[in-house]
Amino acid sequence: ASGKITTIKDGWSIRKSKYDNSGNGNASEVSYFDLAGQPTLHVKGYHKVKWERDSQGNIVKEIYLDTADKPTVGDRGCYSLLLEYDKQNNLLIKESCLGPDQKLTANKDGFAVWRGDYDSIKNKLVEQSFYDTAERPVQSSYGYARATYRYNDSGKLVEAAYFGTDDAPVSIKEGYA
């Protein structure tokens, strides 16, 4: 190693992080810089990501900014994400994609809202579904609007089923319904 700063494949040379004052060591933002120390874009299209957290330390909003600290689109097609957690504050149950106006917008996978439901014993995802900006079921780029999952007693996935917006089974890219 030469001891010199270099640019990595993600398009930046220096990463700076800031932390909140909660005492929990939670990052509140991360930003990227080039070899000269100037703001640069991460390969995912943004210069900075900021996080807002709830009292439990969960990220409740993720915001993407450009090199001028103006809102920009992140790699998933959202300017920011709103995140909601279960009653135990440990499992993500809803993710909403916001546009530059902070209103729901479809992400690059064709949905504005993702919802997940988990079993109460092993915290395994048992259902996920996708919704449009009016929170109606929508077919995602994954080929389905809703999926259900079953697990054996060891927690291994034993069944996955995929459904369209009409709740009828659909075939997906992997070739099963």
Inset, instruction - Answer yes if the side chains of Asp20 and Ser28 hold a donor-acceptor pair under 3.5 Å, and no otherwise. - result: no
Legend entry - Leu35 CG to Ile14 CD1 distance, which is reported to the nearest 0.5 Å: 7.0 Å
Inset, instruction - Measure the spacing between CG of Asp119 and CZ of Arg150 and express it to the nearest 0.5 Å. - result: 12.5 Å
Legend entry - Carboxylate-amine/guanidinium contact Lys70 Asp66, below 4.0 Å: no
Inset, instruction - Measure across Tyr118 and Asn123 and return the closest heavy-atom pair with its distance rounded to 0.1 Å. - result: CD2-O, 3.5 Å
Legend entry - Sidechain-backbone polar pair: Arg53 side chain, Ala27 backbone, donor-acceptor under 3.5 Å: yes
Legend entry - Backbone of Thr40 reached by a side-chain donor or acceptor of His47 within 3.5 Å: yes
Legend entry - For Arg15, side-chain contact (heavy atoms from CB on, under 4.5 Å) partners two or more places apart: Trp12, Ser17, Val30, Tyr32
Inset, instruction - May I ask whether Ile63 and Leu82 are part of the same hydrophobic cluster, defined by side-chain heavy atoms of I, L, V, M, F, W, Y residues being less than 4.5 angstrom apart, directly or through others? - result: no
Legend entry - Rounded distance (nearest 0.5 Å) linking atom NZ of Lys108 with atom SG of Cys97: 11.0 Å
Inset, instruction - Determine the minimum heavy-atom distance between Thr67 and Leu41, stating which atoms define it. - result: CG2-CD2, 4.0 Å
Legend entry - Polar side-chain atom of Asp34 near backbone of Ala36 as donor-acceptor pair, under 3.5 Å: yes
Legend entry - CG (Asp167) with more than 12 external heavy atoms under 6.0 Å: yes
Legend entry - Matching residue for Pro71 among Tyr79, Tyr64, Tyr46 - test: side chain to side chain contact (heavy atoms under 4.5 Å, CB included): Tyr79
Inset, instruction - For the pair Lys61 (side chain) and Lys50 (backbone), establish whether a donor and an acceptor sit closer than 3.5 Å, ignoring hydrogens and angles. - result: no
Legend entry - Plane angle bin for Tyr149 and Tyr151 - parallel if under 30°, tilted between 30 and 60°, otherwise perpendicular: tilted
Legend entry - Spatial distance of atom CG (Asp109) from atom CZ (Phe130) [nearest 0.5 Å]: 8.0 Å
Legend entry - Rounded distance (nearest 0.5 Å) linking atom OG of Ser96 with atom CD of Gln102: 11.5 Å
Inset, instruction - Give a yes or no on whether Asp166 atom CG has more than 12 heavy-atom contacts from other residues, nucleotides or ligands under 6.0 Å away. - result: yes
Inset, instruction - Begin from the C-alpha positions of Val113 and Leu104 and carry the test side chain to side chain contact (heavy atoms under 4.5 Å, CB included) through to its verdict. - result: CA-CA 8 Å; Val113 177; Leu104 285 176; 3.8 Å; yes
Inset, instruction - Verify the cluster assignment for Tyr142 and Tyr162: are they in a single hydrophobic cluster under the rule of side-chain heavy atoms below 4.5 Å apart? - result: yes
Legend entry - Minimum heavy-atom distance between Ala145 and Gly164, given as atom pair plus value: CB-C, 3.7 Å
Inset, instruction - Examine Tyr131 and Phe163 and state if one hydrophobic cluster contains both, with Ile, Leu, Val, Met, Phe, Trp and Tyr joined whenever side-chain heavy atoms are less than 4.5 Å apart. - result: no
Legend entry - Within one Ile-Leu-Val-Met-Phe-Trp-Tyr cluster: Trp51 and Leu98, side-chain cutoff 4.5 Å: no
Legend entry - Backbone N/O of Ile59 and side chain of Tyr85: donor-acceptor pair under 3.5 Å: yes
Legend entry - Co-membership, hydrophobic cluster, residues Leu92 and Leu125, 4.5 Å side-chain: yes
Legend entry - Atom pair OG/CD of Ser80 and Glu52 - distance to nearest 0.5 Å: 8.5 Å
Inset, instruction - Determine, stepwise, if the pair Lys18 / Lys48 fulfils side chain to side chain contact (heavy atoms under 4.5 Å, CB included). - result: CA-CA 11 Å; Lys18 290 186 179 178; Lys48 183 184 291 183; 5.7 Å; no
Inset, instruction - Give a yes or no answer on whether the side chain of Lys124 reaches the backbone of Gly155 with a donor-acceptor pair at less than 3.5 Å. - result: yes
Legend entry - Lys103 atom NZ, neighbour heavy-atom count above 12 within 6.0 Å: no
Inset, instruction - Work out which heavy atom in Ser31 is nearest to a heavy atom in Phe33; give both atom names and the distance. - result: OG-CE1, 3.4 Å
Legend entry - Closest non-hydrogen atom pair between Cys78 and Asn107, with its separation: SG-CB, 3.8 Å
Inset, instruction - For Thr105 and Gly77, work out which heavy atoms get closest and say how close. - result: CG2-O, 4.4 Å
